[in-house]
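So that the names make sense, note that chain A is the first sequence line, chain B the second, and so on, each numbered from 1.
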Amino acid sequence: MKSQITNALSDFFFEYETPRQVLVRNRRVGVVCRLIQLGVLAYIIGWVFIYEKGYQSTDTAVSSVFTKMKGVGYTNVSGRETVWDVADYVFPSQGDASFVVMTNFIITEGQKMGTCPELPGKHTCSSNADCKGGSFKRTGHGQMTGVCVNATKTCEVLTWLDMSISPPIQQSKIKTNYFKTQIIFSLYYKLVFGLLRSNLVEGIDGLYISKCLYDPADAPLCPIFKLGDIVKLSGFSFEKIAKEGGAIGIVVDWTCNLDVHIKHCKPEYSFHGLYGNANEMDEVRTSMGYNFRYAKHYIENGVSKRTLLKVFGIRFDIIVKSLARKFDIIPTLTAIGSGVGIFGVATVVCDLVLLYLLPKREFYKNMKFKYTDTEVQVRSDVLLLFGFKHKMAAGRHPTSD
Amino acid sequence: MKSQITNALSDFFFEYETPRQVLVRNRRVGVVCRLIQLGVLAYIIGWVFIYEKGYQSTDTAVSSVFTKMKGVGYTNVSGRETVWDVADYVFPSQGDASFVVMTNFIITEGQKMGTCPELPGKHTCSSNADCKGGSFKRTGHGQMTGVCVNATKTCEVLTWLDMSISPPIQQSKIKTNYFKTQIIFSLYYKLVFGLLRSNLVEGIDGLYISKCLYDPADAPLCPIFKLGDIVKLSGFSFEKIAKEGGAIGIVVDWTCNLDVHIKHCKPEYSFHGLYGNANEMDEVRTSMGYNFRYAKHYIENGVSKRTLLKVFGIRFDIIVKSLARKFDIIPTLTAIGSGVGIFGVATVVCDLVLLYLLPKREFYKNMKFKYTDTEVQVRSDVLLLFGFKHKMAAGRHPTSD
Amino acid sequence: MKSQITNALSDFFFEYETPRQVLVRNRRVGVVCRLIQLGVLAYIIGWVFIYEKGYQSTDTAVSSVFTKMKGVGYTNVSGRETVWDVADYVFPSQGDASFVVMTNFIITEGQKMGTCPELPGKHTCSSNADCKGGSFKRTGHGQMTGVCVNATKTCEVLTWLDMSISPPIQQSKIKTNYFKTQIIFSLYYKLVFGLLRSNLVEGIDGLYISKCLYDPADAPLCPIFKLGDIVKLSGFSFEKIAKEGGAIGIVVDWTCNLDVHIKHCKPEYSFHGLYGNANEMDEVRTSMGYNFRYAKHYIENGVSKRTLLKVFGIRFDIIVKSLARKFDIIPTLTAIGSGVGIFGVATVVCDLVLLYLLPKREFYKNMKFKYTDTEVQVRSDVLLLFGFKHKMAAGRHPTSD
């Protein structure tokens, strides 16, 4: 038993199996197949490894974005001058990755709850029966009371009233306002492969930041942006987007190769107009800008009141895109392994040429295959023997073609 | 030297190595192994390439989501009628991907800072010594002043007071309110492989949007949703979630094959009840709904006041899931290469059968291996010779089994 | 025709090709190559499959995060005591994944719009000509009116005024406030591979939550955190960050193996100081904390007023990192396939040793290759024959080395 195991182990460890190869000395096949093999090698080394970095594995980052705005805006509404600062025109205030800069608004101050007739047009009535009390209309502004107002021939609704106009109506005055230049300050961190990295990379310090302004060519790493520049880089017209509102995506691209020094890992900013303006998508689809309703509630003399703002503005979405690559043995060996497999395919292709296309394919077939079927093998040997003898007698080598 | 290099190059380029194969003509082994090989081929072509699209590489999108709500709600609290519109019941106002629709609330108006005794129960005291001034209790409502109030036998705290009730107490009246149907309008963009795509796909334009309403079967691409429909599709009961609050995730799934025309790249909406209601998770764990405290501060007659709302509502999280696939030469060749490797495994399995299981395994072993050990090789040759002669003499082919 | 197809099919299905192998019985080569092959096998099974779980494919989760804070803060400003609760110090109120806890502030109450001279320093003037009406300065506080105020020799600006001080100035009093302990309650869901999973895992129910407090060692799954603990775990000094503000990232790591029972899929919390304090990054770069401006607008006696807060606080970003792994046939077979390819590389290496480095390399070359060039083949055969005869005559085996 023990000697059986020893023999088996000895057989296993002291033997080495190597495939027996047929060495075809044929110029045409040789050149073609060598070129195919070199091609596969070039693909594996050149493309998979060097160009596509197939020896690296990837990871994405988790990130956190903070923003801060500076600057003021000014409006003159019917002689009433107002200055708007950051606390007034940025929604929300705390500096998220997604925020709106108000550039235009319709303001209705001091609204209080009450009843008034609907706007003419969609909710006409001739008698109270046409106005179903306690219900809503999809495009209505409030809940219907069940009364049909004679003066306007529209249903009466319970809603927020604009007290500054008499008699009270639903809509208020439109005021157009534009804001001057503002500056966004962005600072954020990303966590990838356990590393913490900020967009304040080497060379970007407090001193640089206090003076710099982002420029795609001259200052591509400065995290301070002028609002007008961002709008222009995103392809929008400032006048149009300021009036109707719109949305711009600021994509911060971190594509880093962690096999080199970390200082080469720098962000790239790009600006995309997402929504609003007359770009190709909106021409086809909707052309409304970006707006939302915002109210500031308070109590005045015991009465619940609110100031309603229909805010038109530019919505910014700071989106962090990240990809980090680092050397990893597994993708490396997978690439090598499947590359060897492709070599196998190259061999199959060359074999097909050898065994089916060349003039001497029968000869090569007999060289390549050893038959377990005796008759076939004998026939093969005889052929080879006669083939050799014949050619040798004629003084020619079998491979001279 | 030069001739040496020339010879070496000539040897390299004009030669072609092909493995010498043994062609076993055995019906059983042949069929089994061909079936295994065809199986591997079917796996590679059918499953890896066609079904799992192994020839494509993937990318995910960065996206931006905007939402807008329409519709009003109505409450009647102790005879006081109020209509709530978008500016009143959506938090936050600016149309983010994550927002809350208030469906129920507890309101305390006109609170002002002052001292009052704690609610009975957790903070009982018999003398001032029991109330440590300047400290907090984990479940308390304010900072203790150090006084024990005789009337209630609870510690006095400094906190926001509800002035509408006398004597002032901490809690206020519970008012239940339900909101009628609201409609959410969603519009967003995604950026993938450098492409910009909106969920306003072909066929969805301004006209369609003004009329349509989302339905999983009839209008699966309409980006307008009825609140009640979303709640139902997520598996929640509207009454329960409106009262206690809850959370619903709207997953927008973009799974696109970029090898076909972009018009086939369309979003799929699905609704998931995340939190709230009596679903299986909450029955086991907590059963509280979703709520938060919100205050509107203002100054009245020089006094700082605030209106406190404990807001119960449905929180919506619009989550974009995306996967884009596109043809790429590297995954294609990796799949082919490792497929060739699997063929190698198939060959190993068949060899094992041939060399260890079949009756004529010794014969096949001798056919397959060429021994460098002369004695062994001679023995092998002799065996083969005698084996052949014997079988030929008997008129039988070695392979008739 | 039919018999041709029958013959072809019969040839195809009833034959089996296996590579002919040369069995080299050489102790050194055998041991070395077997070790290399065992090494490759150990790599594939041990590292690729077991350690790196190469048989699994991965998926990431989409998640939704809700937070809730409890606790109060207390400030005493010039004798005026105020208690701050959740509705006062958390921005925003609705419990997002990203929120700010106010720890310090500068408050200016009852601001109203008006003109006043700029702060001395940057905007000095000697006459009205120096102050360009209708324009802004980048570091200014409002729009210039065009008037140079004699008393301060600075330009007059239109801006929000602090009415509590006479004459009105731009800045207000600095008040430092610290908040006591607060508690954050987090609860969220994640969707992966179609599964819904909450961080209220097995064993975490309503009863446990009402009592527990997160501790990295004792209660790593309790989703209730003490603010001071989070600050400490992130490496910040509470005093410093409370005063200047800062940002902390709470990373919730879900790395799950879905081949085992789902109950092993649990979250891991880690805390990262992102911004603020004197950590290594900020020492080099900027050292400002985290703050933003926030205003509460209201109308008093018909006049638009606002209370401005410069909020310093700790910004929390709850970031969900997720990776789920599950058995998949494709990565399994890809790993096997390319592993077979690596075996091929091992064979190439051993062949190189055999054919170019060993003393008997000519012998092995002749064993391995079958030449289609007749002359070469005859020479090879003769060499082998004489080599054998010679060695046999000398009573030595060819392989005794």
Measure A:L308 against the heavy atoms of chain B and call it side chain, backbone, both or neither at under 4.5 Å. side chain
Identify whether the distance between the nearest side-chain nitrogen and carboxylate oxygen of A:R293 and B:D88 falls below 4.0 Å. no
Top residue by heavy-atom pair count (under 4.5 Å) with chain A, among B:V90, B:T307, B:I329? B:I329
Side-chain heavy atoms of B:E15 within contact of A:V24, under 4.5 Å: no
Taking B:P19's backbone N and O only, do any of them form a donor-acceptor pair with A:K368's side chain (distance below 3.5 Å, no angle check)? yes
With a sphere of 6.0 Å drawn around OH of B:Y356, does it hold more than 12 non-hydrogen atoms of other residues, nucleotides or ligands? no
Highest number of heavy-atom pairs under 4.5 Å with chain B among A:S98, A:G337, A:P92, A:G339 belongs to A:P92
Is there a side-chain contact between A:C350 and B:Y16 (heavy atoms, below 4.5 Å)? yes
Using non-hydrogen atoms only, which part of A:V100 is less than 4.5 Å away from chain B: side chain, backbone, both, or neither? side chain
With chain B, which of A:H297, A:Q37, A:K296 has the greatest number of heavy-atom pairs at distances under 4.5 Å? A:H297
Pi-cation contact, B:F13 with A:R34 (under 6.0 Å, within 45°): no
Turns out that what part of B:T334 lies under 4.5 Å from chain A's heavy atoms comes down to both
